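Taking it in order: structure first as structure tokens, then the write-up.
It should be emphasised that the depicted structure is a prediction, and the values quoted were computed from it without experimental measurement.
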Amino acid sequence: MMDAARANRSIGESVVLPAEFDDAVVWAAWLYYVDQLTQSDIAKMIGVSRATIVNFLQEARERGLVSIRVNTEVGSRTGIARRLKEKFGLEGALVIPAADATPLVQRLGEAGARLLADMVQEGDTIGVAWGQTVLAVADYISLPEPLAGLTVVQVSGSSIGNPDFSPEFCTSLMSNRIHARCVNLLAPALLSTPALKQQLLAEPVLVKQFELIHSANLILFGVGDIGPQTLMRSANIASQEDIDLYEANGAVAVLICRFIDADGNPVTGELDDRMVGIELNELAQVPRRLCVAGGAFKVPAIRATLKGGFATHLVTDITTAEMLLE
């Protein structure tokens with residue numbers, strides 16, 4: 001038979017405190033924070049309810065037995081992400097750490113893939129744009145569990161430039177990674193005349209494909225700047241002179257082959273009547289819109305995108321985020 005002192009250290013009917021612990025609160029805190037047991041497992045071990053364990057852990061914090069400290073760098077990024085949400089009316093923002101040896105596009109792609117995987121729901125129709133960052137997201141994405149009824153649809157016409165991250169490749173890779181139905185847009189990004197565009201879009205197969213595009217409830221896209229190295233130029237979708245004309249008319253960014261000014265307003269021109277793909281007003285109607293973009297040189301383009309309300313969710317790097325908040 002246990003002595004009186006020992007009996008006072010018992011919990012429940014049969015469980016006795018180990019000698020090294022002063023009381024049940026200390027024991028529960030140790031099991032949870034050090035041994036990393038679940039609250040349910042601790043409740044069984046100690047012989048009390050899970051609700052009691054929750055109270056024990058709360059008491060441990062109130063008594064100063066446990067101190068929870070958020071890493072300064074993580075806390076800073078979280079604070080910046082919340083400020084981005086507030087400033088630009090976003091539903092979600094993810095800010096990745098400062099640069100390391102890994103290329104920014106790769107790190108943005110990995111973070112974007114994590115957020116996109118959290119956003120995807122059963123039965124979604126996911127619109128996918130194109131570019132290096134979009135391809136990186138497609139390359140990294142992995143769903144925690146299979147989801148039924150997923151469709152991935154290409155939202156921009158195809159081009160002969162940059163085959164490594166072309167619209168059809170980004171769409172195909174994404175659908176393969178998440179085991180979704182793949183629908184590529186069977187048309188060039190830019191046609192020779194507006195009349196040819198209207199004639200082509202009247203074809204039954206393209207009518208059905210655009211019905212899918214318009215039914216997308218989630219879309220992934222990046223942001224292009226208007227500088228000399230922009231993908232819009234290197235992909236040979238349009239001539240340098242055409243793009244220069246849009247820039248002269250105030251364009252600072254390209255969203256899925258469409259141009260916007262610094263305030264996020266559309267900048268239209270001759271190309272628009274020949275361009276095949278989702279339009280800006282259609283993009284803005286997609287319920288969940290994930291923009292993945294970063295880099296100091298893209299700050300004016302990303303800011304314009306956010307001011308125009310084209311994104312509901314943003315993934316960017318901390319340097320870009322801080323510049324967006326200035």
request  = Heavy atoms only: give me the nearest V128-V134 pair and the separation to one decimal.
outcome  = CG1-CG1, 3.8 Å
ask   = In terms of side-chain heavy atoms, does N184 have a donor or acceptor partner in Q154 at a distance below 3.5 Å?
value = yes
ask   = How close do S158 and P167 get, heavy atom to heavy atom, and via which atoms?
value = CA-CG, 4.4 Å
key: Residues Y246 and D272: side-chain donor-acceptor under 3.5 angstrom   = yes
message = Set out, in order, the CA-CA distance, both residues' side-chain angles and the distance that settles side-chain contact (heavy atoms from CB on, under 4.5 Å) for I96 and L104, then state yes or no.
response = CA-CA 10 Å; I96 64 174; L104 178 59; 4.2 Å; yes
ask   = Between P18 and W27, is any pair of side-chain heavy atoms under 4.5 Å apart?
value = yes
query = Side chains of T52 and N55: do they bring a donor and an acceptor to under 3.5 Å?
reply = no
ask   = How about L57 and Q39: do any of their side-chain heavy atoms sit closer than 4.5 Å?
value = yes
ask   = Closest approach of P266 and L280, non-hydrogen atoms and distance?
value = CB-CD1, 3.8 Å
note = Between the CD atom in E211 and the NZ atom in K208, the distance rounded to the nearest 0.5 Å is 6.0 Å
request  = State the CZ-CG distance between F259 and D242, to the nearest 0.5 angstrom.
outcome  = 8.5 Å
query = Is there a donor-acceptor contact under 3.5 Å linking the side chains of Q58 and E62?
reply = yes
inquiry  = Would you say OH of Y32 has more than 12 non-hydrogen atoms from neighbouring residues, nucleotides or ligands within 6.0 angstrom?
reply    = no
message = Could you report the tightest heavy-atom contact between M275 and R258, atom names first, then the distance?
response = O-NH2, 3.5 Å
Note, L185 side chain near V276 side chain (heavy atom, < 4.5 Å) = yes
request  = For the pair R107 and D317, find out whether any cationic side-chain nitrogen is under 4.0 Å from an anionic carboxylate oxygen.
outcome  = no
query = Of all heavy-atom pairs between R274 and L191, which one has the smallest distance, and what is that distance?
reply = NH1-O, 2.8 Å
task = Answer yes or no: is there a side-chain heavy-atom contact under 4.5 Å between V25 and L65?
result = yes
message = To the closest 0.5 Å, what do you measure between CZ (R114) and OG (S142)?
response = 12.5 Å
ask   = What's the spacing between I80 CD1 and E322 CD if we round to 0.5 Å?
value = 4.0 Å
ask   = Is any side-chain heavy atom of M174 closer than 4.5 Å to a side-chain heavy atom of I141?
value = yes
ask   = Taking the side chain as C-beta and beyond, is there a heavy-atom pair between Y140 and Q106 under 4.5 Å?
value = yes
query = For L255 and L283, which heavy atoms make the closest approach, and how far apart are they?
reply = CD1-CD2, 4.3 Å
ask   = Are side-chain heavy atoms of V315 and L108 found at a separation under 4.5 Å?
value = yes
query = Got a donor-acceptor contact below 3.5 angstrom from the K87 side chain to the L324 backbone?
reply = yes
inquiry  = Side-chain heavy atoms nearer than 4.5 Å, only ILVMFWY residues, links allowed to pass through others: does that put L94 and L218 together?
reply    = yes
note = So CG of L245 and CG of L271: to nearest 0.5 Å the spacing works out to 8.5 Å
Taking distance alone, no hydrogens or angles, what donor-acceptor pairs closer than 3.5 Å link side-chain atoms of residues 290-312 to residues at least two apart or in another chain?
from	atom 1	to	atom 2	distance (Å)
K298	NZ	V223	O	2.7
R303	NH2	M323	O	2.8
T305	OG1	A301	O	2.9
K307	NZ	D263	OD1	3.0
T312	OG1	R289	N	2.8
T312	OG1	R289	O	3.2

request  = Look at R82 together with E86 and state whether they make a salt bridge at an N to O cut-off of under 4.0 Å.
outcome  = no
task = Please round to the nearest 0.5 Å and tell me the distance separating atom NE2 of H313 and atom CG of L220.
result = 12.5 Å
query = Would you call N265 and I260 a side-chain contact if the rule is heavy atoms closer than 4.5 Å?
reply = no
